[in-house]
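Positions are given from 1 along the sequence. The structure displayed is predicted, hence computed values, not measured ones.
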Amino acid sequence: QVQLVESGGGLVQPGGSLRLSCAASGSIFSIVAMGWYRQAGGKQRELVATITSGGAANYLDSVKGRSTISRDNAKNTVYLQMNSLKPDDTAVYYCHAEIQTLRIRAPVAYWGQGTQVTVSS
């Protein structure tokens with residue numbers, strides 16, 4: 001059993017910053033990659049940023065230069081620091097992880113419950 005618990009969403013004014021956190025817990029053998037997706041009303045879910053266990057990061061073009069993804073492997077936690085937020089960043093943000101568990105060594109995708117980020121004045 002694996003759980004991803006997110007925190008850090010909320011209401012922020014345009015130009016402001018937020019830091020999202022996601023902690024994985026349970027019968028974890030190894031976390032291959034962690035990341036964040038988002039889904040705005042009426043739109044498809046899109047990848048925001050991912051990071052491998054080695055620290056290699058990948059970003060959605062529209063957030064490059066404004067966001068930084070990082071992870072603490074010892075805490076099984078991934079962070080997303082978002083700066084210069086825009087109204088277009090408004091969405092539900094979902095944590096995602098590819099995890100090898102103690103029972104199943106093939107990586108399996110897990111999702112968090114989602115956290116709302118609203119950018120509005």
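Residues satisfying the side chain to side chain donor-acceptor pair (under 3.5 Å) criterion with Thr118, sequence neighbours excluded, are Gln116. By the side chain to side chain contact (heavy atoms under 4.5 Å, CB included) test, Ser21 pairs with Ser7, Tyr79, sequence neighbours left out. Every side chain to side chain contact (heavy atoms under 4.5 Å, CB included) that Ile28 has, sequence neighbours left out, goes to Val2, Ala24, Ile31, Asn76, Ile99. Ala109 is linked by a side chain to side chain contact (heavy atoms under 4.5 Å, CB included) to His96, Glu98, counting only residues two or more places apart in sequence or in another chain.
Closest approach of Ala57 and Ile69 over heavy atoms only: CB-CG2, 3.7 Å. Here the closest non-hydrogen pair linking Pro14 and Ser120 is CD-C, 3.6 Å. Closest of all the heavy-atom pairs between Ala49 and Leu80 is CB-CD1, 4.2 Å. Residues Arg105 and Gln100 share a closest heavy-atom pair of O-NE2, 2.7 Å. Annotation for Val32 and Pro107: closest pair CG2-CG, 3.9 Å, computed over non-hydrogen atoms.
Listed by first then second residue, pairs satisfying disulfide bond (SG atoms under 2.5 Å apart) with a partner in residues 24-80 number zero, not counting sequence neighbours. Residue pairs meeting the side chain to side chain donor-acceptor pair (under 3.5 Å) criterion with at least one partner in residues 82-95, sequence neighbours excluded, are Ser17-Asn83, Arg38-Asp89, Arg38-Tyr93, Arg66-Asp89, Gln81-Asn83. Contacts classified as salt bridge (charged side-chain N to carboxylate O under 4.0 Å, His left out) and involving residues 70-79 (residues at least two apart or in different chains) are not found. Within the structure, the disulfide bond (SG atoms under 2.5 Å apart) test picks out the following pairs touching residues 31-121 (sequence neighbours left out): Cys22-Cys95. Every pair passing salt bridge (charged side-chain N to carboxylate O under 4.0 Å, His left out) that includes a residue from residues 54-65 is listed here, sequence neighbours excluded: Asp61-Lys64.
Hydrophobic clustering of Ile, Leu, Val, Met, Phe, Trp and Tyr side chains at less than 4.5 Å, counting indirect connections, unites Val108 with Val78. Hydrophobic cluster membership differs between Met34 and Leu47, with clusters built from Ile, Leu, Val, Met, Phe, Trp and Tyr side chains linked at under 4.5 angstrom. Residues Leu4 and Tyr37 do not share a hydrophobic cluster, clusters being chains of Ile/Leu/Val/Met/Phe/Trp/Tyr side chains in contact below 4.5 Å. Grouping the Ile, Leu, Val, Met, Phe, Trp and Tyr side chains by contacts below 4.5 angstrom, directly or via other members, places Leu60 with Ile51. A single hydrophobic cluster is seen to contain both Val12 and Val63, as judged by linkage of ILVMFWY side chains at heavy-atom distances under 4.5 Å, directly or through other members.
Taking OH of Tyr110 as the reference point, atom CD of Gln1 lies at 8.0 Å (rounded to 0.5 Å).
Crowding of Gln3 atom CD: a count of heavy atoms from other residues, nucleotides or ligands under 6.0 Å not exceeding 12.
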Just do the side-chain contact (heavy atoms from CB on, under 4.5 Å) check on Met82 and Leu20 with the steps written out, would you?
CA-CA 8 Å; Met82 299 188 292; Leu20 305 181; 3.9 Å; yes

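In this structure, Leu102 belongs to a hydrophobic cluster whose other members, linked by side-chain heavy atoms under 4.5 Å apart, are Phe29.
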